[in-house]
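Atoms within each ligand, like the ligands themselves, are counted from 1 in listed order. Values below: all heavy atoms of this structure, side chains included; hydrogens, waters and symmetry mates excluded. Note that the structure is predicted; figures quoted are calculated from it, not measured. Residue indices begin at 1 and follow the sequence shown.
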Amino acid sequence: MIRKIRVNELNNYIDKEISFSGFVDAIRDKKWVMFVILRDNTGKVQMTIEKSDENNQKLLDIMNDTSVDSTVKVACKVLKNDAVKLGGIELIPTDIEVTSRADTLPFDYNNLDGVNIDTRLDFRWLDIRNEKNMLARSVESCMIEGMREFLYKNKFTEIHTPKLIGTASESGSSVFEVKYFNDKAYLAQSPQFYKQMAMAAGMDRVFEVAPCFRAENSNTNRHATEFTSFDLEFSYIDSYLDVMDLEEDLLIAGLTKVKNEYGEKILELFGKEVIVPTKPFPKIKLKDLYQELHDRYGFDIPKEDIGDMNAEAEKLTYQLAKEKFNSEFMFVIDYAATKRPFYHMRENGVLQGYDLIWRGAEITSGAQREHRYEELVKNAKEKGLGKDVEFYLQFFKYGCPPHGGFAVGVDRLTMLLLGLTIKETQFLFRGPNRLNP
Ligand code: AMO
């Protein structure tokens with residue numbers, strides 16, 4: 001059992017003697033009274049020390065010798081006092097123990113304007129004390145909780161796949177190699193092959209929320225070398241339309257929960273409205289999208305990206321989604337097979353996969369998978385994939401139901417929900433130039 005009473009639970013302890021612990025948020029030393037504001041993850045509360053009471057001298061001495069951001073454990077009585085702005089409650093202490101002393105902080109986390117992002121990340125645990133950054137953590141957790149709840153309700157099984165793997169997964173182009181005793185191993189780029197193995201095993205519906213590693217030297221506001229992926233895979237689908245339909249439900253479940261629990265706070269602190277979308281999200285073929293972007297915005301996809309998207313195209317796709325469909329989301333379909341992984345199904349040459357764009361960035365790739373062994377072998381050969389995928393191809397030799405799935409980038413979800421960069425969003429950012437703390 002957790003004994004710590006949190007600020008948002010104090011209402012249940014009016015007129016009771018309790019022990020309260022938290023950070024010292026501020027000390028306001030007035031002529032007749034000292035107000036100490038205490039803080040925990042759920043809010044702030046005022047502790048009042050009257051100077052006229054001689055018994056309080058020891059407590060005043062302790063607080064005079066204590067810096068803001070130290071932590072304290074206080075024996076106190078909880079009083080209701082409507083004159084107190086912070087929740088109409090005050091704590092009257094009888095004893096104070098300083099449980100940790102704070103040194104002078106390297107920056108004021110309440111005012112991060114002008115503080116270099118690298119300094120913030122060097123001291124990320126202080127950066128997170130900022131109210132907005134703390135909210136971001138809660139919002140991400142809430143979004144994932146909503147999505148998980150939806151999947152559990154639909155009888156999905158949560159799995160945990162290995163991140164240390166023997167062969168480079170998916171494409172082999174951007175994997176981290178690690179020393180593995182006298183051999184080599186790689187860090188998984190995606191649980192793709194293993195979630196499909198679960199389908200071959202007959203598990204029907206699985207998901208995983210776990211890290212993915214990409215050795216891409218890209219310094220953008222949306223790429224990390226390690227990120228958290230919300231992956232799922234399910235069997236007995238008729239088409240990739242079933243996959244998109246499930247993703248709509250999943251995102252609606254997550255966003256509904258976030259809106260209900262944090263919608264107002266997000267609007268207040270980030271100025272962003274949480275918009276719960278309605279089904280179906282608009283879908284557009286890549287060819288038609290190129291035409292629209294050309295006609296409306298004079299944008300032409302560069303030659304090297306034909307058959308695919310780039311950052312500018314994603315930004316404009318969001319604009320198009322809002323202007324033409326009054327939607328924040330847009331599915332893009334009919335990508336060129338040459339630009340997509342070999343495990344996506346093709347039907348008469350048309351790729352049965354999609355990307356989902358939200359607020360100007362790709363948040364998901366998904367597809368119906370090629371579950372027919374011979375077809376899959378052919379696709380892998382076409383891509384020049386040999387030994388690395390041999391083990392994977394075996395999964396489809398002994399019966400495997402038609403299936404599909406997708407992966408949503410968790411960091412991107414939070415980032416776009418709150419209008420942040422990925423460095424500000426990840427609990428601890430990992431990029432080409434950052435491995436610490
Ligand atoms: P993909 O490579 O498109 O697909 O990745 C899926 C989603 O993961 C997120 N993402 C990233 N987030 C932060 N930094 C990165 N470097 C990064 N790379 C990707 C994005 C992206 O949409 N196996 C397939 C998924 C599937 O088909 O199920 C895959 O990995 O939000």
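For ligand 1, the polar-atom distance check against His223 finds no nitrogen or oxygen pair separated by under 3.5 Å. For ligand 1, the polar-atom distance check finds no N/O of Val408 at less than 3.5 Å from any of the ligand's N/O atoms. Of the polar atoms of Phe227, none of the N or O atoms is found under 3.5 Å from an N or O of ligand 1, judged by distance alone. Looking at Ser365 next to ligand 1, an N or O pair under 3.5 Å apart turns up. Inclusion of Gln192 in the set of residues having an N or O under 3.5 Å from an N or O of ligand 1 is warranted. For the pair Ala224 and ligand 1, the shortest N or O to N or O distance falls below 3.5 Å.
Tyr392 and Gln192 share no side-chain donor-acceptor pair at under 3.5 Å. Using modelled atom types, one finds a donor on one side chain and an acceptor on the other under 3.5 Å when comparing Tyr354 with Glu247. A donor atom on one side chain and an acceptor atom on the other are found under 3.5 Å apart for Lys163 and Thr161. No donor-acceptor contact under 3.5 angstrom links the side chains of Glu312 and Tyr297, judged on distance only. Using a 3.5 Å distance cut-off with no hydrogens or angles, the side chains of Tyr109 and Asn133 do not pair a donor with an acceptor.
Ligand 1 places these atoms under 4.0 Å from at least one heavy atom of Lys195: 26 (C), 28 (O). Remark: ligand 1 atoms within the under-4.0 Å shell around heavy atoms of Arg222 are 13 (C), 14 (N). Counting atoms of ligand 1 from 1 in the listed order, those under 4.0 Å from a heavy atom of Thr364 are 22 (O). Taking a cut-off of under 4.0 Å to the non-hydrogen atoms of Glu216, the atoms of ligand 1 that pass are 16 (N). Near Ile422, with a cut-off below 4.0 Å to any heavy atom, the atoms of ligand 1 are 13 (C).
Residue contacts with ligand 1 leave out Asp411, since none of its heavy atoms falls under 4.0 Å from the ligand. Residue contact check for ligand 1: Thr225 places no non-hydrogen atom closer than 4.0 Å to it.
With a 4.0 Å heavy-atom cut-off, ligand 1 is reached by no atom of Gln189. For Arg369, every heavy-atom contact with ligand 1 shorter than 4.0 Å involves the side chain, none the backbone. The backbone and the side chain of Glu362 each have at least one atom closer than 4.0 Å to an atom of ligand 1 (non-hydrogen atoms only). No part of Phe230 comes within 4.0 Å of ligand 1, judged by heavy-atom distances. The proximity of Ala407 to ligand 1, defined as any non-hydrogen pair under 4.0 Å, involves the side chain as well as the backbone. Contact annotation for Arg412 and ligand 1: only side-chain heavy atoms (C-beta onward) come within less than 4.0 Å of the ligand. Counting heavy atoms under 4.0 Å from ligand 1, residue Glu233 does not touch it at all.
Environment of NZ in Lys381: sparse, with no more than 12 heavy atoms of neighbouring residues, nucleotides or ligands closer than 6.0 Å. Within a 6.0 Å radius of CD in Glu149, other residues, nucleotides and ligands contribute more than 12 heavy atoms.
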Going through the distances and angles, do Asp308 and Lys339 end up as a salt bridge (Lys or Arg N to Asp or Glu O under 4.0 Å)? CA-CA 6 Å; Asp308 204 350; Lys339 300 275 185 184; 5.5 Å; no
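Checked against a 6.0 Å centroid threshold, the rings of Phe406 and Tyr240 do not count as neighbours.
Relative orientation of the Phe207 and Phe230 rings is parallel, given thresholds of 30° and 60° on the angle between their planes. Taking the six-membered ring for Trp and thresholds of 30 and 60 degrees, Tyr194 and Phe391 have ring planes inclined between 30 and 60 degrees apart.
Glu145 has no carboxylate O lying under 4.0 Å from a charged side-chain N of Arg148, or vice versa, which leaves the two without a salt bridge.
Here the CG-CD distance, from Leu416 to Glu362, works out to 11.0 Å after rounding to the nearest 0.5 Å.
Of the listed residues (Trp358, Phe406, Tyr343), the one carrying the non-hydrogen atom nearest atom 24 (C) of ligand 1 is Tyr343.
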